[in-house]
Amino acid sequence: MISLLLIIPLSSAFLIPIIGKRIKWTGGAISSLAAFALAANSFVIISNLMKYKTLLYKFGAFPPPAGISLIVDGLSVFLLITVNVVAFLIALFSMDYMKQYTDRWKFYTLFMFMLAGVNGVLIAGDIFNLYVFLEVAAIAGYFLVGFGVRDEELEAAFKYAVMGSVASIFILLGIGLLYSYTSTLNMAEMARILPQTGTSSLVTFVSVLFLMGFGLKAALVPFHSWLPYAHSQAPAPISAMLSGVSIKVLGIYALARIFFNVLGMTPAVCFILIALAVLSMVAGSIMAFGQSDIKRLFAYSSISQIGYIALGLGIGTPLAISGALFHLFNHSIFKSLLFLNSGSIEYAAGTRDLNRIRNVIREDPVTGYTNLIGSLSICGVPPLGGFWSKLIIILACIQANHPILAFVAAVVSMLTLAYYFKALTPALFGTHATAGIKASGRKISFAMAAPMVILAILVVISGMMLLPNPGRELLKGAANVLQNGRNYGK
Amino acid sequence: MTVYILCLILFSIGLYCVVRKRNLIKIIIGIGIMDYAVNLFFVLIGYREGGRSPIFASDQVIDKMVDPLPQSLVLTSIVIGLAITLLLVAIAIRIYEKYGTFDITKINKLKG
Amino acid sequence: MKYIREDKGMTLIVKSVTRLTLGFILLYGIYITLNGHAGPGGGFAGGVIVALSFVHIMLAFGKEVALKRLRAWLLRVSIGIAALIFLYVAVIRSSFVSCPVFSTEVIIPLCEMVIVGGGLFAIFIALVLLSKGDKDAE
């Protein structure tokens with residue numbers, strides 16, 4: 001059942017090139033079906049996880065320290081649900097959206113490779129397998145950013161690919177050093193051996209390498225410069241996938257897993273993570289002010305929101321960790337919703353320029369209202385999920401005796417409200433039509449509208465996750481895994 | 001110890017090449033050099049002084065073998081490096097078609 | 001013979017030598033593939049040699065001849081099928097039938113050869129023809 005998480009996306013990725021070129025509609029159908037099966041499978045895994053605390057799959061039935069293993073615990077399953085549900089909705093959306101492009105089967109093949117890589121990162125119990133799956137997802141991502149081969153897209157893809165591969169090489173160097181120090185690659189075994197050998201300057205060096213590598217994948221601020229290009233130039237479903245799934249799993253999840261469960265959070269690492277987080281929050285929201293491209297606006301806001309997640313992880317108290325994970329879930333949902341919205345606006349209006357998009361709510365109510373809900377949630381308007389997660393993080397800052405951080409987080413939240421208000425109010429409500437939304441005469445279809453509506457409903461009900469219900473248990477389980485520190489895999 | 005330092009120097013040359021050079025192809029070569037430096041480092045980790053190749057046969061004792069695990073990791077890592085190089089070269093060729101130059105300072109249609 | 005008359009590609013010497021050695025290179029690739037169980041070799045190395053034999057044709061005779069022998073769709077479909085067989089063997093943990101010709105020791109290196117050879121040749125074609133996108137059929 002754990003192995004199905006890899007078998008389903010890989011088999012569909014190999015099936016699509018065989019039949020997808022001749023029979024055009026099969027690519028979208030197969031990838032949507034596979035993503036749906038993955039989402040369903042993740043729910044089955046939850047019900048099993050209720051009985052046992054961790055699930056283990058052994059390759060070739062060799063026991064873990066020697067053999068390769070796949071491990072699913074509370075944190076993995078929390079992200080598996082998020083990732084696969086979002087990916088299913090994005091696959092549905094891309095069925096009609098991708099009709100503007102030729103060679104669609106290549107898109108779906110690479111999309112399934114990316115999904116396989118992301119799922120693999122989440123369930124790998126072995127640090128080198130984590131690296132390999134990370135590379136599969138990242139390479140598929142590089143291809144997909146440059147999918148429509150226009151000038152700017154190729155340039156963005158090249159930038160992303162160069163920066164991403166340098167980051168990957170740093171990660172690989174770190175893995176090599178760790179292997180030479182502990183002579184194992186299994187993360188649970190590594191977590192057992194590292195405390196016995198005492199502190200060493202090598203572990204500090206590896207921490208720096210991992211902070212650079214995963215920090216670049218997560219687009220924390222000194223390493224962020226690829227993100228606005230890649231996210232704004234990719235096709236809209238891929239922007240949603242990169243922002244909603246990729247930077248979280250390849251960046252934040254891998255960072256959290258390795259630092260909390262393997263290397264251990266030292267005060268220095270916490271300090272660096274908090275510093276990077278504050279930089280990301282402030283710089284991302286300030287740079288978002290001047291943007292006139294709707295996708296670049298969302299991309300900079302992604303940098304700023306990733307800062308919140310890293311801030312929660314860096315503070316490291318139980319409340320802060322659950323706030324960070326909750327914000328990760330919320331951001332994954334509303335940012336993919338916003339990128340799908342930007343895709344449907346571009347599909348209908350033929351432009352991404354905020355100065356030319358007007359009156360979306362009147363002309364295209366589905367996009368307009370879902371966009372309004374997503375924006376309200378990201379700005380932190382009370383009944384929606386984004387408000388609660390930001391509130392938890394701010395409260396955790398105060399509780400952990402960091403009033404300045406709480407103040408910064410609150411100010412950035414207001415800045416978010418300000419730039420969304422400034423940028424989107426004319427686009428959604430403004431009436432003096434210079435270009436109007438119906439410039440291209442294309443209307444969004446049902447398959448494009450349905451995922452946006454479902455995501456908007458999820459955004460509305462995600463605030464309920466704090467009330468006693470299964471969702472809260474899921475969040476608590478995920479936060480427990482990080483708090484337990486080096487008891488990973490037990 | 002000397003080999004590790006040489007390996008580090010190789011890595012630094014690659015990093016310098018990626019950061020400093022303006023030609024797309026030279027950047028790709030720099031990434032290749034970095035990749036191979038890390039692969040070399042992996043092989044060096046597994047090396048034992050005077051060790052023999054890690055092929056196991058029934059009449060041999062397991063003594064003085066080099067560590068086979070880093071070697072298998074290097075194989076995987078080489079394939080990943082191949083995929084990245086291929087991708088970068090393909091994109092560079094397409095960029096040359098569109099812009100007519102390999103100079104990154106002249107490839108600047110993206111603003112901001 | 002009919003290739004030689006075409007004025008595409010390299011000189012007569014290269015074409016003749018290619019025609020003579022081509023079969024041996026292909027055979028050697030398959031030998032390496034099947035021999036990997038007990039000695040050095042295996043699907044990866046064999047696949048590289050098989051791909052090199054096609055690259056050899058392409059260099060000597062020009063791309064039209066090579067693509068006439070091995071069409072792009074055939075490449076794509078064979079890579080896909082080989083990879084699916086790989087997954088099938090991994091899931092079922094045995095081969096299809098009890099016939100010894102199709103046992104896992106034969107099937108897995110052969111599939112690997114097809115994937116690696118096809119993938120490398122596809123990369124070569126893609127870089128030569130500057131076609132849209134590439135496959136990452138690693």
Side-chain angles (χ1 to χ4, degrees), chain A residues 66 113 126-129 131-136 138-143 145-146 149-166 168-181 183-185 209 225 228-230 232-233 287 290-293 296 299-300, chain B residues 4 7-8 11 14-15 17-19 21 24 27-28 30-47 67 69-70 72-74 76-77 79-100 102 104 106-112:
Chain A
F113 269 122
D126 177 311
I127 200 163
F128 191 75
N129 274 17
Y131 167 76
V132 170
F133 286 123
L134 188 138
E135 279 297 278
V136 170
I139 292 174
Y142 307 150
F143 270 96
V145 167
V149 281
R150 287 200 300 268
D151 303 7
E152 297 92 349
E153 292 171 355
L154 287 171
E155 196 183 330
F158 193 83
K159 272 186 179 139
Y160 181 26
V162 168
M163 291 190 163
S165 22
V166 171
S168 305
I169 291 168
F170 277 124
I171 294 168
L172 186 61
L173 187 61
I175 291 171
L177 288 166
L178 264 188
Y179 173 74
S180 71
Y181 192 57
S183 19
T184 179
L185 287 170
L209 287 175
S225 59
Y229 302 119
S232 61
Q233 297 302 328
M287 284 189 284
Q291 304 304 324
S292 61
D293 182 332
R296 280 180 78 89
Y300 277 114
Chain B
Y4 286 102
C7 187
L8 182 69
F11 186 84
L15 193 59
C17 196
V18 173
V19 176
K21 292 293 171 191
L24 292 188
I27 291 175
I28 297 168
I31 285 178
I33 293 174
M34 277 171 87
D35 212 2
Y36 291 134
V38 174
N39 289 347
L40 181 64
F41 176 68
F42 265 87
V43 175
L44 288 177
I45 289 170
Y47 180 68
D67 190 353
L69 188 64
S72 61
L73 301 187
V74 164
T76 316
S77 150
V79 175
I80 291 172
L82 171 77
I84 288 179
T85 314
L86 151 74
L87 163 81
L88 287 171
V89 169
I91 294 176
I93 293 174
R94 299 308 289 271
I95 286 181
Y96 186 75
E97 274 183 352
K98 304 264 180 188
Y99 290 83
F102 277 130
I104 48 167
K106 296 202 180 93
I107 302 169
N108 51 5
K109 284 199 185 168
L110 286 173
K111 55 184 185 302

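The shown structure was predicted, so the numbers you read here are calculated from the model rather than taken from an experiment.
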Pairwise distance OH(A/Tyr142) to CD1(B/Ile84) - rounded to 0.5 angstrom: 5.5 Å
Closest contact, heavy atoms only, A/Ile169 versus B/Ile31: CD1-O, 3.9 Å
Between B/Leu24, B/Ile28, B/Ile27, the one whose heavy-atom pairs under 4.5 Å with chain A are most numerous: B/Leu24
Contact class of A/Phe128 relative to chain B, heavy atoms under 4.5 angstrom: side chain
Derivation of the side chain to side chain contact (heavy atoms under 4.5 Å, CB included) call for A/Val166 and B/Val19: CA-CA 10 Å; A/Val166 171; B/Val19 176; over 6 Å; no
Distance in Å, B/Leu73 CG paired with A/Leu185 CG, rounded so as to fall on 0.5 Å steps: 5.5 Å
Contacts of B/Asp67 that satisfy side-chain hydrogen bond (donor to acceptor under 3.5 Å, both in side chains) - sequence neighbours left out: A/Tyr179
Atom CZ of B/Phe102 with >12 non-hydrogen neighbours under 6.0 angstrom: yes
Chain A contact via B/Ile45 - which portion, at a heavy-atom distance below 4.5 Å: side chain
Residue selection (most heavy-atom pairs with chain B, distance under 4.5 Å) from A/Val132, A/Ile175, A/Leu177: A/Leu177
From B/Phe42 atom CZ to A/Leu172 atom CG, the distance as rounded to the nearest 0.5 Å: 4.0 Å
Heavy-atom pair with the smallest gap, counting every atom of B/Lys98 and A/Arg150: NZ-CA, 4.5 Å
CG-CD1 distance between A/Leu154 and B/Ile93, expressed to the nearest 0.5 angstrom: 11.5 Å
Part of A/Ala138 within contact of chain B (heavy atom distance under 4.5 Å): neither
Contacting moiety of A/Gln233, where chain B heavy atoms sit under 4.5 Å: side chain
Heavy-atom pair with the smallest gap, counting every atom of A/Glu155 and B/Tyr99: OE1-OH, 2.8 Å
Rounded distance (nearest 0.5 Å) linking atom NZ of A/Lys159 with atom CD1 of B/Ile91: 12.5 Å
Straight-line distance of A/Tyr160 OH to B/Leu87 CG, nearest 0.5 Å: 11.0 Å
Set of side-chain hydrogen bond (donor to acceptor under 3.5 Å, both in side chains) partners for B/Ser77, sequence neighbours left out: B/Asn39
Chain B contact via A/Tyr181 - which portion, at a heavy-atom distance below 4.5 Å: neither
Atom group of A/Glu135 that falls short of 4.5 Å from chain B, counting heavy atoms: side chain
Heavy-atom proximity to chain A below 4.5 Å, by part of B/Ile95: both
B/Thr76/A/Tyr131 under side chain to side chain contact (heavy atoms under 4.5 Å, CB included): CA gap, chis, key distance, verdict: CA-CA 10 Å; B/Thr76 316; A/Tyr131 167 76; over 6 Å; no
